[in-house]
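Heads up: the structure comes next, in structure tokens.
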Protein chains: 4
Amino acid sequence: MVTKRDMILEAGIKVFSQKGYHHAKMEDIAVAAGIGKGTIYEYFSSKLQLFQEIMEAGLRQYQESVSTEKISQMGIAERIQKITAGHFYFCQNYKELSRILFWDTDIIDDELKDWFYNKRKEKEGVLEDLIRESIRSGELREVDAKLVTLMIGGILGQIWMPIVLEGWEAEAESTAWQITDLIMNGIVPST
Amino acid sequence: MVTKRDMILEAGIKVFSQKGYHHAKMEDIAVAAGIGKGTIYEYFSSKLQLFQEIMEAGLRQYQESVSTEKISQMGIAERIQKITAGHFYFCQNYKELSRILFWDTDIIDDELKDWFYNKRKEKEGVLEDLIRESIRSGELREVDAKLVTLMIGGILGQIWMPIVLEGWEAEAESTAWQITDLIMNGIVPST
Amino acid sequence: MVTKRDMILEAGIKVFSQKGYHHAKMEDIAVAAGIGKGTIYEYFSSKLQLFQEIMEAGLRQYQESVSTEKISQMGIAERIQKITAGHFYFCQNYKELSRILFWDTDIIDDELKDWFYNKRKEKEGVLEDLIRESIRSGELREVDAKLVTLMIGGILGQIWMPIVLEGWEAEAESTAWQITDLIMNGIVPST
Amino acid sequence: MVTKRDMILEAGIKVFSQKGYHHAKMEDIAVAAGIGKGTIYEYFSSKLQLFQEIMEAGLRQYQESVSTEKISQMGIAERIQKITAGHFYFCQNYKELSRILFWDTDIIDDELKDWFYNKRKEKEGVLEDLIRESIRSGELREVDAKLVTLMIGGILGQIWMPIVLEGWEAEAESTAWQITDLIMNGIVPST
DNA sequence: GATGAATGAGCATTCATTCAT
DNA sequence: CATGAATGAATGCTCATTCAT
């Protein structure tokens, strides 16, 4: 069942992603949700708190999309492909939400900023450990794990743009494989 | 000579990068520039225009840092390394400015957003052409030029973070080479 | 039998006296009465009307406490003592109510203000007549009846404070006699 | 010179005394002062702070009006007369201000309330000491100093009403003497 | 040119009141 | 009768911008 709370969250995602946090008026969100302005405050204590909830819920959903934990017997290439494909799916299916999560990282509130930054670091930490592990096992060559993590993170972050802003309708699975290939094998011709 | 206009731009960079566009007050900028609030309006017509000028000037300066046009006889690896190193230099030397350019891309104004997005596409177009050219010449294997461009762009964008937020003091030249190596040769062990 | 209406009045007295008219929320009163917010409106048409009813009922109750009409054969000193003692009783037994009546006379509504002011004038009129009568009969010396009325009214009004705010537990009857003595005989030593 | 700050205080006194704290809008005050809404905030940080300043300044001015400290060789009767006359003057000349100080003691802010209450207690303390002293010296008979203090305070508080609300234009000096006479000698005929 | 006092549009939030259940 | 979710009018406060000096 779609609760009124969900309707507000949905409306918040739409309005925040279109106008950004500061230009989004509570009234806009209320109108988008088809309710009165005051009703929002029955479910959320403030504009900031509504935004935070959207961020948290969005991040939770995103985590699920890119999680590879269930399949622990996976090689590093498969993992990178899974993460990439999951990211693709998420961006394509939750364009507005992904806009909020990956693009409009404005300074809204210091605490929120820190929270979000730490979430990101945490996520990167997992990936970095994975890479370090793969180097140790010989699956990967002796590369700088931190740099590789940044590289992968950057690619994912960048890919959001053409998908959401230009409506790039790439096929997630195969494109994810292409990207994985690039990361794994580089771009020079194999000798 | 440092004109009063430059002082304001400088102050704007500092304040905007610390507080973000919306939390930066014109008065803060005036104080940071050591002048009166009204004086800013002698040189810039509005807060938005001041911000735009900062963006434009910043982007111009950035272009110079990462430009490889002068040395046109360069191989693709050298070019990627030069761009990366230039990016590094820029981020390390203009931390505040780079924060504005690469991080706080809030929805401030639709026109500004479009303008900035187009600048980025333009820059990417140059890189994409370069890659296409290199594929044609056999320097690179048959990869998706667009994906590779996104990849490189993403890496550069991501690298900003640890430098500015965590004070990562990497040696630009050699780190740029490491990154170039990753892009060129991937991360799997060479067979 | 305690009707629901009475419960609301009771709750209103408590909440209004604790928070004042403007800071008292209808919901606070509903909670204090152990009922739903909407139910108040079944018995009172508005917040203001609820307040008015409390004032009216309070004033009626107060009138009874200080009334000396039944015993019309009473001397002026006895009357003053009775009024004072009645006032004492009322303040001690209905602290919250007396706070509303004698202290928080905020400008809530012009009509209410006028109504309350007239009630007061009316009450003072009775006292003033009484004093005038006593002067005529020689019970009192040739004093300004209006001033004496103000004096007595002021003393009663002031006495509320230490009782309610500081929990002054004076014995009503004897204290009322002391006050009467002060009013009657003044404070200079008898020659 | 009448500064803009003073104009705002003046306007605040007028509007607060007419409408009460809660019904007074910042815009009303601005209009009354003939200035823009935002200008008030150049001089006062909030509505509450503006009100506090009015209270403080008013009380300071009141203290001066009723002070008898300079003339320490005064008998108790003269003192009471001076205080009463000062109170009269103040109420007649600063009707609006006195309305705020002596009448609309709404629950606006707990801290403010406490502050005001303490000021009052303090003032009463001085008077009470004075009375106790006069009892010791034999100027007054053995009365309850606290009760007498309440009595005098109550009379003064009450006198405000007819002056401000009904425009009672009594001659301050002589009326103060009448009141003093009542307090000193009571209302019964001298034997 | 330079200034900063003055301005008022704009917005988050509160809460008395309504009404469908 | 009783309820409480929904509402929107009302208002304190911010800050980009103006303009008299």
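Residues I29(D) and I40(D) come closest through the heavy atom pair CG2-CD1, 4.0 Å. Here the closest heavy-atom approach between residue S46(D) and residue Y41(D) is recorded as CA-CE2, 4.2 Å.
The backbone N or O of V2(A) lies less than 3.5 Å from no partner atom in the side chain of D6(A), so there is not a single donor-acceptor pair. For Y21(A) (side chain) and L48(A) (main-chain N/O), a donor-acceptor pair under 3.5 Å exists by modelled atom type. In this structure, the side chain of K25(A) does not engage the main chain of A30(A) through any donor-acceptor pair within 3.5 Å. No donor-acceptor pair under 3.5 Å is formed between the side chain of T39(A) and the backbone N or O of I35(A).
The aromatic rings of H22(D) and H22(C) sit parallel, their planes meeting at an angle under 30°, below the 60° perpendicular limit.
Between R5(B) and E53(B) there is a salt bridge, with a side-chain nitrogen of the basic residue lying less than 4.0 Å from a carboxylate oxygen of the acidic one. A salt bridge is absent between K4(D) and E10(D); no separation between the charged side-chain nitrogens and carboxylate oxygens falls under 4.0 Å.
Taking a heavy-atom distance under 4.0 Å as the criterion, the stretch of DNA chain E touched by chain B extends 5' to 3' from dA2(E) to dA6(E).
Between the CG atom of L48(D) and the P atom of dG12(F) there is a distance of 12 Å, given to the nearest Å.
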Each base of DNA chain E marked ( ) or [ ] if paired in-strand (Watson-Crick or G-U under 3.5 Å), | if paired to another strand and . if unpaired gives .||||||||||||||||||||

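The nearest heavy atom of DNA chain E to E42(C) and to E42(D) marks one nucleotide each, and the one closer to the 5' end goes with E42(D). Summary of the strand contacts: S46(D) and S46(B) both lie near DNA chain F, and taking for each the nucleotide with the nearest heavy atom, the more 5' one is attributed to S46(D).
For residues 12-41 of chain B, proximity to DNA chain E is found at I35(B), G36(B), K37(B), G38(B), T39(B), defined as any non-hydrogen atom under 4.0 angstrom from a strand atom.
At least one side-chain heavy atom of Q18(C) sits under 4.5 Å from a side-chain heavy atom of K14(C).
Among the protein residues, Y43(D) comes within range of the sugar-phosphate backbone only, with heavy atoms under 4.0 Å from sugar or phosphate atoms but none that close to a base.
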